[in-house]
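For this chain, numbers begin at 1 and follow the sequence in order.
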Amino acid sequence: MILEMHCHTSEHSKCSHVSAVELVQRTFERGLHGIIFTDHHYLWSDEELNSLREASGVPDFFLLLSGQEVTTSDFGDVLVYGANRTIARKTPLTAIRDEFPISAIVWAHPYRKNRIPTEEELLYPLIDAVEIFSSNLSLSESNRGLEAWHRHKFTAIGGTDTHALGYTGTYPTLFDHPVTSIDDLAEEIRAGRCRPYFKEIPKLGTTRTQVREIHIGPATQREDREKLIVKTFDTKEEWDDAKRSFEILDALIRNGFDQGSCRVPVPKEKDGMKKVFIEQAVHGQTLFDMVLEAEADKTEEYLTRTARWLARYHNLELHITPREEFMDVEPERLNWYIKDIYRQGHRERNRIREILE
């Protein structure tokens with residue numbers, strides 16, 4: 001089952017701008033199988049949930065449940081699933097666990113504001129799971145949570161932390177077995193039979209660069225789920241090159257190169273602490289490969305397209321690399337080009353040398 005685990009309604013959370021009916025309908029439209037409300041220190045009654053089902057018009061198999069988000073006195077914000085009453089603000093985590101021993105307690109958005117939880121915190125016995133994907137986290141923060149999940153093997157969930165309609169259902173959780181009640185839900189979380197709903201695909205990198213493609217959320221008919229390329233660099237030199245690539249891509253995007261049949265990926269975030277570069281995943285064939293592999297009748301078309309792309313790029317007159325840094329490396333690069341041109345016996349090699357000089 002695919003469930004939205006963390007959302008807030010305008011009826012019972014002052015921070016939210018979306019009604020419960022809108023949340024239910026949008027979650028159902030996005031192909032999820034249910035929604036669990038987690039309003040701040042509020043527990044929806046069965047009567048309210050029944051009325052909501054009737055008002056939203058979703059079928060009986062669509063799951064409607066309620067947990068709550070609780071601000072504890074000693075462990076920040078947690079999501080509690082399975083308590084039978086509303087829990088007061090600033091209740092200690094130990095008191096929640098003592099009173100509700102079979103509930104599931106999930107640490108909410110612990111990576112928010114660049115916080116780095118320790119291994120001891122992530123594996124704290126009173127916590128049943130950790131929320132690692134959330135709209136309340138940056139992409140870099142979510143990636144840190146994902147790396148920690150792989151490393152420490154704790155139970156994790158995704159939770160959109162919805163406060164508005166547009167991003168409802170973005171970060172759902174996948175459950176291995178059917179869930180029909182809040183007690184079922186709590187039991188599955190405590191047993192670790194759930195995880196954030198995403199797909200992670202290792203991609204070809206270098207020996208020192210790890211490349212992964214990540215798809216977050218379910219694939220809908222519109223294929224509007226987020227698709228990212230995450231590159232992790234090992235050395236400072238590679239990271240410095242990646243930062244420059246990020247600047248170049250950012251400049252190209254600002255000048256319209258994210259549109260059309262030949263486009264560059266949108267740079268999303270860079271994380272200097274982890275040497276991570278996150279960009280949009282763009283599928284298709286590169287223009288470079290198209291030129292190399294083109295049939296004879298397509299060669300002129302692709303070369304023309306390449307020339308127009310390069311002309312448009314050069315006409316931007318972008319100044320990204322500092323002049324002194326450019327002049328330190330460019331003569332060596334140009335000499336390499338000249339050697340290759342002479343090796344090929346290019347008929348314009350002398351004129352090319354004059355131009356470069």
Side-chain angles (χ1 to χ4, degrees), residues 1-9 12-13 20 23-24 26-28 30-53 56 58-70 72 75 77-87 91 93 96-110 124-135 149 154-162 168-198 217-218:
M1 293 186 73
I2 307 168
L3 304 177
E4 173 57 86
M5 298 290 291
H6 188 173
C7 59
H8 299 278
T9 70
H12 299 299
S13 291
L23 276 173
V24 171
R26 179 58 61 87
T27 304
F28 178 71
R30 296 201 68 174
L32 275 62
H33 306 138
I35 185 170
I36 295 86
F37 297 117
T38 51
D39 285 306
H40 297 279
H41 304 279
Y42 185 84
L43 190 66
W44 286 65
S45 68
D46 290 340
E47 291 75 17
E48 285 181 298
L49 292 175
N50 290 335
S51 298
L52 177 60
R53 179 181 298 280
S56 59
V58 294
D60 291 342
F61 63 78
F62 187 79
L63 194 66
L64 289 182
L65 298 173
S66 176
Q68 56 190 300
E69 183 170 356
V70 177
T72 68
F75 210 81
D77 296 332
V78 296
L79 305 170
V80 182
Y81 306 98
N84 57 9
R85 67 169 180 83
T86 297
I87 302 171
T91 300
L93 185 62
I96 298 173
R97 176 52 78 207
D98 288 343
E99 184 176 355
F100 308 106
I102 63 171
S103 67
I105 302 176
V106 176
W107 194 4
H109 39 65
Y124 190 49
L126 299 186
I127 295 294
D128 299 298
V130 178
E131 183 183 66
I132 62 170
F133 289 165
S134 168
S135 66
W149 178 57
F154 53 82
T155 300
I157 73 164
T160 306
D161 200 359
T162 308
T168 300
T170 302
Y171 299 101
T173 296
L174 175 66
F175 283 81
D176 295 336
H177 306 297
V179 171
T180 59
S181 68
I182 197 67
D183 290 338
D184 285 350
L185 184 86
E187 180 181 356
E188 294 302 299
I189 294 173
R190 293 198 318 273
R193 294 190 287 261
C194 61
R195 63 176 180 81
Y197 190 58
F198 74 106

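- Within the 4.5 Å cutoff, the side chain of Ile35 has no heavy atoms near those of the Phe28 side chain.
- Considering only heavy atoms from C-beta on, Glu69 stays 4.5 Å or farther from Val80 through its side chain.
- For Thr160 against Tyr171, the heavy-atom pair with the smallest separation is OG1-N, 2.9 Å.
- In this structure the side chain of His6 reaches within 4.5 angstrom of the side chain of His109, judged on heavy atoms.
- A donor-acceptor pair is defined here as one N or O able to donate and one able to accept, closer than 3.5 Å; no such pair exists between the side chain of Glu131 and the backbone of Trp107.
- Ion pairing between a basic and an acidic side chain is recognised when a charged N comes within 4.0 Å of a carboxylate O; Glu99 and Arg85 show such pairing.
- Between Asp161 and Ser135, the side chains place no donor N or O within less than 3.5 Å of an acceptor N or O (distance only, hydrogens not considered).
- Between Leu126 and Ile96, the closest side-chain pair of non-hydrogen atoms is not below 4.5 Å.
- Shown here for Met5 and Thr173, the closest heavy-atom pair between the two residues is CG-OG1, 3.4 Å.
- Applying the side chain to side chain contact (heavy atoms under 4.5 Å, CB included) criterion to Ser51, with sequence neighbours excluded, gives no partner residue.
- When each of Ile87, Leu79, Ile36, Thr38 is tested with Gln68 by the rule side-chain contact (heavy atoms from CB on, under 4.5 Å), just one qualifies, namely Ile87.
- For Tyr124, the ring-ring contact (aromatic ring centres under 6.0 Å, His included) partners two or more places apart in sequence, or in a different chain, are Phe75.
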